[in-house]
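Here the structure is laid out as structure tokens; the discussion comes afterwards.
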Amino acid sequence: MIISCPMMTSLYSVRMRASSHDQHLSGAERIVPVHAVAETTAALIERALSAPLGPPDKIHCNSEQIDPVTVQFAKLPDVHSYQVANVQEGRLAATQFLIEAGLSADCAALAVATLAEGAGPGGIVMRGAVLMDAVTGERLEHDPARGVRVSRMDILSTFRPDVEALLVAAGLGHHRVIEALVLSGKVLQAPGVVAELCWSDAPDYVTGYVAAPQCGYQRISQLKAAGDKRGGRVFFVDRSKVTVSALVDYLERQPVLFDAAGTIAPLKKWELEDA
Ligand code: WAQ
Ligand code: MG
């Protein structure tokens, strides 16, 4: 006998990626109930079309049903925001946070330098993230141009307005913040992840972050110079806890929905003594 549960609305993963001349421009990830698939798809395509770099020549939008019993529920990371004086200080703060998360100074510095120089082949921006061995600094992603793309994560749709209101009240209403927080929240849930380093490839968005399971999502006001088109993500993995293929599978395929928020701390000036 099949027992249907009326509480379990059918869920879909809706994913968009846009490119121009085969160069990745933008992407987005949502998990929504079936009745919101059409409007979500329209909103993501609208967003791709109005990208600041001009309309893409290709937009892929795909929706795929998710089995509700496979969904993991989780809490968003606590948010901390640090004001730094300049890029140098920001990168010093990032290095310090990575060391606090358990990385060696060499590995932390290598990751910062990798994003600073452009992590993809020939210094191009990758579509996804670098996967870095947390002990040796070795790069583990199979495709150095694509990297690892985190997918199938979102805020539970009934909870989204609450999270948006919390972030807006804290002065963090920019759509990049909520998206990065959700992505990072999933990365921190993943088995064997020690930390994440990120800053945007958008030339005008210079804030980035270091996230770690015990430390939360630590924003740093400036991690690159305005106008710099380089950006990216590095996920640090402890290979004594997980294999690369199991981790990549989790990051790409495991559906995660956030149904609780963490704390949001007020902006604080970063000082080396904090460390
Ligand atoms: N999975 C893995 N890596 C990704 C993904 C993904 N789904 N999406 C983007 N990336 C990588 C890719 O290399 C991009 O070039 C890079 O991350 C940056 O992506 O609190 O906006 O979307 O103020 O430009 C962080 C700070 C903003 C937000 C990050 O990233 C805040 C941002 P972007
Ligand atoms: Mg971008």
Side-chain angles (χ1 to χ4, degrees), residues 74-117 119 129-130 132 134 150 155 163-190 193-236 258 260-275:
K75 184 181 163 196
L76 287 165
D78 292 341
V79 177
H80 305 270
S81 299
Y82 294 94
Q83 181 71 49
V84 292
N86 51 43
V87 186
Q88 289 74 15
E89 194 179 289
R91 290 183 179 173
L92 189 62
T95 309
Q96 199 62 55
F97 290 156
L98 289 171
I99 293 170
E100 284 164 26
L103 294 163
S104 69
D106 283 352
C107 200
L110 175 65
V112 171
T114 299
L115 291 193
E117 285 154 24
V130 172
M132 189 175 276
V150 190
I155 296 169
V163 177
E164 285 176 349
L166 272 173
L167 288 171
V168 167
L172 300 176
H174 200 292
H175 70 86
R176 286 189 187 276
V177 179
I178 197 161
E179 279 170 16
L181 187 61
V182 167
L183 189 155
S184 188
K186 177 168 176 187
V187 171
L188 297 186
Q189 289 292 314
V193 169
V194 175
E196 180 193 0
L197 168 69
C198 164
W199 67 83
S200 181
D201 55 6
D204 62 340
Y205 201 86
V206 299
T207 300
Y209 65 87
V210 169
Q214 315 81 359
C215 314
Y217 178 87
Q218 305 169 99
R219 308 174 66 243
I220 299 168
S221 63
Q222 189 168 2
L223 279 177
K224 69 172 186 180
D228 190 342
K229 295 191 177 91
R230 287 165 296 191
R233 285 183 155 91
V234 181
F235 305 152
F236 300 89
F258 294 92
T263 56
I264 304 180
L267 180 68
K268 189 170 184 271
K269 192 170 176 303
W270 182 77
E271 268 152 336
L272 193 52
E273 303 89 81
D274 286 1

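Computation of the quantities below employed the complete heavy-atom set of this structure, encompassing side-chain atoms and omitting hydrogens, waters and symmetry-equivalent molecules. This chain uses plain numbering: 1 for the first residue, then up along the sequence.
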Inter-residue atom distance [X].[atom1] - [Y].[atom2], 0.5 Å rounding:
{"X": "Arg230", "Y": "Glu117", "atom1": "CZ", "atom2": "CD", "value": "8.0 Å"}
{"X": "Asp106", "Y": "Thr95", "atom1": "CG", "atom2": "OG1", "value": "11.0 Å"}
{"X": "Leu172", "Y": "Ser81", "atom1": "CG", "atom2": "OG", "value": "5.0 Å"}
{"X": "Cys107", "Y": "Met132", "atom1": "SG", "atom2": "CE", "value": "5.5 Å"}

Kindly give the heavy-atom pair with the smallest separation between [X] and [Y], and that separation in Å.
{"X": "Val130", "Y": "Ala119", "value": "CG2-CB, 3.7 Å"}
{"X": "Ala93", "Y": "Val84", "value": "CB-CG1, 4.3 Å"}
{"X": "Lys229", "Y": "Pro203", "value": "CG-CG, 4.2 Å"}
{"X": "Leu166", "Y": "Ala261", "value": "CD1-CB, 3.7 Å"}
{"X": "Val194", "Y": "Ala101", "value": "CG1-O, 3.4 Å"}
{"X": "Leu103", "Y": "Ala195", "value": "CD1-CB, 4.4 Å"}

Mind checking whether [X] and [Y] have side chains closer than 4.5 Å, heavy atoms only?
{"X": "Glu196", "Y": "Tyr209", "answer": "yes"}
{"X": "Val187", "Y": "Arg233", "answer": "no"}
{"X": "Val193", "Y": "Pro213", "answer": "no"}
{"X": "Val163", "Y": "Leu76", "answer": "yes"}
{"X": "Ile178", "Y": "Ile155", "answer": "yes"}

Summary of salt bridge (Lys or Arg N to Asp or Glu O under 4.0 Å) pairs that have at least one residue in residues 197-224, sequence neighbours excluded:
none

Could you check whether any side-chain N or O of [X] sits under 3.5 Å from a backbone N or O of [Y], counting only pairs where one atom can act as donor and the other as acceptor?
{"X": "Asp78", "Y": "Thr263", "result": "yes"}
{"X": "Thr207", "Y": "Ser221", "result": "yes"}
{"X": "Gln96", "Y": "Leu92", "result": "no"}

Across all chains, not counting sequence neighbours, the side chain to side chain donor-acceptor pair (under 3.5 Å) partners of Tyr217 are none

side-chain contact (heavy atoms from CB on, under 4.5 Å) test vs Val234 passes for just one of Leu110, Leu115, Leu98, Val112, namely Leu115

Does Leu167 form a side-chain contact (heavy atoms from CB on, under 4.5 Å) with Ile264? I'd like the steps, not just the answer.
CA-CA 8 Å; Leu167 288 171; Ile264 304 180; 3.8 Å; yes

Given side-chain contact (heavy atoms from CB on, under 4.5 Å), test Ile220 with Trp199 step by step and report yes or no.
CA-CA 9 Å; Ile220 299 168; Trp199 67 83; over 6 Å; no

Under 6.0 Å between ring centres, would you say that holds for Tyr82 and Phe97?
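Yes, the ring centres sit under 6.0 Å apart.
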
Does a salt bridge link Glu271 with Lys269, judged by any charged N lying under 4.0 Å from a carboxylate O?
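The answer is yes: the pair qualifies as a salt bridge.
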
Pairs in or reaching into residues 168-179: which pass side chain to side chain donor-acceptor pair (under 3.5 Å), with residues at least two apart or in two chains?
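Pairs touching residues 168-179 that pass the test: Arg47-Glu179, Arg176-Ser200.
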
